[in-house]
Amino acid sequence: MHLVEIEMITECIELSDDDTDDGNNPRGKSQRVRTDCLNVECKFGEEYIDDVPLFVLTYYKVEKLRGLKVCCHCFDEACNYFSDLKDKFLNFESIYAVPPSQYKPVHNIDSDVELISSDDEEKLDDETMEIVRRELPSILRDIMTSENAHFQLNDGSQKMNEALEKLKAEQQEQIEKLRSFQLEIDNLRKSAYKPFQRKIVQVPEIEILDVQPFTDETRIFKSQLQRKRPAPASWTNQDDQSDKECGDVIAVSEEILTPPTNLPPPGNPIVRPKLKPGDLVYVRKDNCKYTWKKSCITAINEDKGYAEYQIKTDMKNHKKSASSFTCRGNDLAYVTTSLFRFSVGVRVIAVIKDGTNTGHGELQYNAGIVAEPPKAVNKFRYLIFFDDGCVQYVPHEHIRLICEPSKNLLDDVPVENRDFLRNYLSYYPERPMVKLIVSNIVEVLFQGNWLRGQVMEVDGSLANIFFPTRERQEWIYRGSSRLRLLFNEFQAAKYRKQTGHRGRIVAGSVDADSPYVEYTRNVEGEENSDENVPVRAVARKSTSAVNKLQKIEKHVKSTERPIPARKIELKLVNAIEPRNFVAHQCGPPCVSWTGYKYSEAKGKGPLAIPLYYGFRRIICYVNVTRRVVIYKAPCGRSLRNMLDVHRYLRITKSSMTVDLFDFDYWVHVLAEFKVEKYNLSIEDVSNGVESVPINCVNYVDSDLPNCMSYLKERLPRENVNLNLDPNFLCGCDCTDDCQDRSRCACWKMTYEGQKLIPNNVIDPNVGYHYRRLPERVLTGIYECNQNCKCSKTSCLNRVVQYPLSQKLQLFKTEKKGWGVRCLTDVPQGAFISVYAGHLLTDTVANEEGKTYGDEYLAELDYIEVIERIKEDYESDVPEDLEEDLKEIRTINIEDMEKKKRKKKFASVRTYYGDREDDVYIMDAKGSGNIGRYLNHSCMPNVFVQNVFVDTHDLRFPWVSFFAQKYINAGSELTWDYNYDIGSVEGTVKLCYCGSPNCRRRLL
């Protein structure tokens, strides 16, 4: 039995190690002597030992089996090996010098072979085991000490480390070989592709002129069809979910500024050394109000309860002619540079930038107040408000501390500057300033005249403005009321406070780079308000006022945590493929076989719907670089533009609408944003009211949105007379889907509405373009209604009256509460949603806003905005730069205030029987739709459009949201609330939109 076992082991283990082979052995097995020895390589087989010691099994690496034998020759070999180990150990020599056993391990591969377990061995009695447990540790310690076993351990560690280092060296050698091979492969690849690489040439730098006069071809009012092309969205980089504008953005590296070495560290208290006779100081002479000269203190008199200093002008080489006079400490300043930083409001003297050396080689100093501390944004300089009205940035080494300022700081300031400085110091660091960029045209008050000038340079809080009519340049503080924008705002606030009239945004036409008023954020978190803030009960969003800013959005890193989501490309499952094209006359059979039904397409992205029902969207390259989009119809016909699509849908009588198609190649129709991790989710917040489910997720916390009765349309409350009688509507007789605008009565109302604004450029293509709105129509859009004879489903002038089609998601933000994002790409001009809720009167809105909150109140101020534009249009900046710069207007402040109080014409509201200041309010707090959750942004991607659908009553337009630009899937949808900042007494709301040109305050 044991012989068979050993032989089986021998065959299995040694099969691959055989070195001999002859023809009589087809299996290639070497000839060995058949023995009963446990050594599978034994060739002797003489005299066996039945009871095999453990050290023999260890030497031959054999498992402990029953019935194993070892021959005497193999037994002696094992004994000699362990004898050598013993001699080395006892002689304090390294046992690792003895070569280890070269035998390979032998494992039991036969399940019938019985192993000897520890249970089969003879066990010691309990008394003996107790002695072993007690004595064995001390015996082992003695042996380790007496035989110097630590030497063997240390030597073993050293041998192991040497072996490890050798392996590392071999590994590094292999890595270097692999790198060399990889380098050779890269060189081969480069040489293979080198003939096909693009050539890169150095081109001259682009010269960008600061001033470029406007011409008729470069007017601000451009065609609605001229849209800026955004860069294609990346499918691989999903880290940035912000909206990306077009490729006309140049990345500019920011210079990292460090504080100068001579600027003291912040935090040290202000120390004013006591003056004594003989000290040198700067002194202000009575006969020269703004000039400070270096002088010497000769005597100090404190008899009057305050210090009076006898001053002698230091004339150096002309001491005999030096004058002597007496002054107080607020007319003296130290001559040495301060060892601490100045804080805002400290009284100092500073060197004016254009000062020249006097005859004595001294710089000219003027007195002023520190208005801004040194920081990176102002290149670590102080902003100084000088007493003579000048404002400049001054470095620390050119500033001297006034010795003894008055307890009331403003007593040392000229009377004409006190009101401004009082307000400035009271509310710093929160301060309104006009946001300006180079080449802006602004109006500045100069000696009672409004002068138009051009911004030549912007340096921190200052702007260098050139006035062509006076041929002069001047640095002006951007928070000065001399700027027309701030002047108008301050005057309006003063008027509203005096009359108690509710404040409202002043609407006007602005271009992409227009100046606007921004508010620096109060970093201390104080909720201060200006003394000229108009009193108002509640805050309301404006649904008609023009955005204060609409600029090209730049890339800004978000401060919020990364969104646990990604953008995926949907796979078309069970999609119908178009047929191969065969010449034919298109008709209803071309699409009827696809089985499209509006009810079955719910839940799909609007731009993806055609691809499920026989259409294919193909992106083609023209001249290698230009990309165009072509749709393949179910019958195989190619459709190259929206006109082809509309004509095809009409001919085939398809129930699809033209806005389900898009020919911008950068729009991904199958892209969808998917949130992968969240704390809670609601399948549909509309509870089936909307045609498309609106998902809700929260990955910030575990809060649920407030309970709300979901409404798709506005619902009037008491005392709101909403007349929906169709007899008061005019309709069209179109049969061509209102494609011919010259015959559509509804479109003509939209066209004629542009004439309400004087001096307005009339756009012949105003309104919808294939059910998309490229830009806002300030005077409103009149859609076809129930009295019209055009198609209810395919009319090109019916948009907002249709149900929601965009896939939207309600989600929780970290700082702004709940927000709305689009889950699919939204093309420019696409309709998103309406703002629905209860219609309230002004009085009811004020009362309920105080009680229940005003965060969801929106004013229907269409009439007020249009009338304000009509009254103030003459003050708008002309587009012609040459005429603009030559114009001078003389003003009178009192006349302006009287003009503000008296309107030229009665408000249109009076014709409806309302008071002039009665504005109806849309309240979406208790009842509303998804539109109530759209957050504010100073650079929004959504604009508000007033649309008249079920009534032509100018007091009750539909408030609708449209995409202002291409919106990438996963982007938050935002609009400009147009809050009147400071209009609610005691309330300050900060803006967290995160846009590069954020105004920093909402309210």
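Just so we're clear, the structure is a prediction, and the values are computed from it rather than from any experiment.
Under the 3.5 Å distance criterion, the side-chain polar atoms of S937 are matched with a main-chain donor or acceptor of M939. Judged purely by atom type and a 3.5 angstrom limit, N378 uses its side chain to pair as donor or acceptor with the backbone of K375. For the pair Y382 (side chain) and E372 (backbone), a donor-acceptor distance under 3.5 Å is absent. N440 contributes a side-chain N or O that, together with a main-chain N or O of I437, makes up a donor-acceptor pair within less than 3.5 Å. Of the possible donor and acceptor atoms, none in the side chain of R478 sits under 3.5 Å from a partner among the backbone N and O of M433.
Evaluation of the side chain to side chain contact (heavy atoms under 4.5 Å, CB included) rule for R381 yields K379, Y393, D459 as partners, not counting sequence neighbours. Listed by chain and number, the residues in a side chain to side chain contact (heavy atoms under 4.5 Å, CB included) with S481 are F490 (sequence neighbours excluded).
A donor atom on one side chain and an acceptor atom on the other are not found under 3.5 Å apart for S439 and Q454. Under 3.5 Å, the side chains of Q392 and Y477 contain no donor-acceptor pair of N or O atoms. At a cut-off of 3.5 Å, with distance as the only test, no side-chain donor of Q310 or N301 sits close to an acceptor on the other residue.
Classification of K274 and D279 as a salt-bridged pair fails, no side-chain N sitting under 4.0 Å from a carboxylate O. The existence of a salt bridge linking R482 and E474 is confirmed by a sub-4.0 Å separation between a basic side-chain nitrogen and an acidic carboxylate oxygen. Ion pairing between a basic and an acidic side chain is recognised when a charged N comes within 4.0 Å of a carboxylate O; R999 and E518 show no such pairing. Using a 4.0 Å cut-off between a side-chain N of Lys or Arg and a carboxylate O of Asp or Glu, E416 and R418 do not qualify as a salt bridge. A salt bridge does not link D331 with R328: every distance from a Lys NZ or Arg NE/NH1/NH2 to an Asp or Glu carboxylate oxygen is 4.0 Å or more.
Atoms CG and CG, on L383 and L462 in that order, are 5.5 Å from each other to the nearest 0.5 Å. Remark: C390 SG to I476 CD1 distance equals 10.5 Å, nearest 0.5 Å. Note that the CD1 atom of I349 and the CD1 atom of I384 stand 11.0 Å from one another [nearest 0.5 Å]. Taking CZ of F325 as the reference point, atom OH of Y309 lies at 14.0 Å (rounded to 0.5 Å). For the atom pair C327 SG and I311 CD1, the distance stands at 4.5 Å (nearest 0.5 Å). For the atom pair CG (L410) and CZ (R422), the distance works out to 5.5 Å, reported to the nearest 0.5 Å.
The side-chain heavy atoms of N449 and R470, taken from C-beta on, include a pair separated by under 4.5 Å. Inter-residue side-chain proximity for R347 and V413 is flagged as met; some heavy-atom pair is nearer than 4.5 Å. Residues V346 and L401 form a side-chain contact, since some pair of their non-hydrogen atoms from C-beta on lies under 4.5 Å apart. Counting only heavy atoms from C-beta outward, the side chains of C403 and R272 never approach each other to under 4.5 Å. Residues F466 and E457 form no side-chain contact, since every pair of their non-hydrogen atoms from C-beta on lies 4.5 Å or further apart. In this structure, the side chains of I300 and E308 stay at 4.5 Å or more apart for every pair of heavy atoms. Proximity of N366 to D388: side-chain heavy atoms (C-beta onward) are separated by under 4.5 Å at one or more points. In this structure, I465 and V444 have side chains that are in contact, with non-hydrogen atoms separated by less than 4.5 Å.
Of all heavy-atom pairs spanning F386 and V351, the tightest one is CZ-O, 4.4 Å. Minimum heavy-atom separation, G368 to D387: CA-OD1, 3.9 Å. Heavy atoms only, all atoms of each residue included: T974 and P940 are closest at O-CB, 3.3 Å. Pairing each heavy atom of P264 with each of S338, the nearest pair is CG-O, 3.9 Å. Across K815 and Y992, no two heavy atoms sit closer than the pair CD-CD2, 3.8 Å. Listed here is the closest heavy atom pair of L275 and L332: CD1-CD1, 3.9 Å.
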Stepwise side-chain contact (heavy atoms from CB on, under 4.5 Å) test for K989 and R1001: CA-CA 6 Å; K989 289 186 178 180; R1001 274 187 64 176; over 6 Å; no

Residue pair H936, W975: steps toward the side-chain contact (heavy atoms from CB on, under 4.5 Å) verdict: CA-CA 5 Å; H936 163 84; W975 63 295; over 6 Å; no

Check against side-chain contact (heavy atoms from CB on, under 4.5 Å), V391 and W475: CA-CA 7 Å; V391 55; W475 283 96; 5.5 Å; no

Full working for side chain to side chain donor-acceptor pair (under 3.5 Å) between N262 and E397: CA-CA 7 Å; N262 58 356; E397 61 270 17; 2.9 Å; yes

Step-by-step salt bridge (Lys or Arg N to Asp or Glu O under 4.0 Å) determination, R284 to D412: CA-CA 12 Å; R284 176 170 55 184; D412 298 336; 5.9 Å; no

Pair N935-C993, side-chain contact (heavy atoms from CB on, under 4.5 Å): steps then yes or no: CA-CA 8 Å; N935 281 320; C993 68; over 6 Å; no

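In this structure, the ring of Y282 has its center no less than 6.0 angstrom from the ring center of Y334. Annotation: H396 is not in aromatic contact with F380 [ring centroid separation under 6.0 Å not met].
Using a 30° and 60° split on the angle between ring planes, Y424 and Y428 fall in the tilted class, from 30° to 60°.
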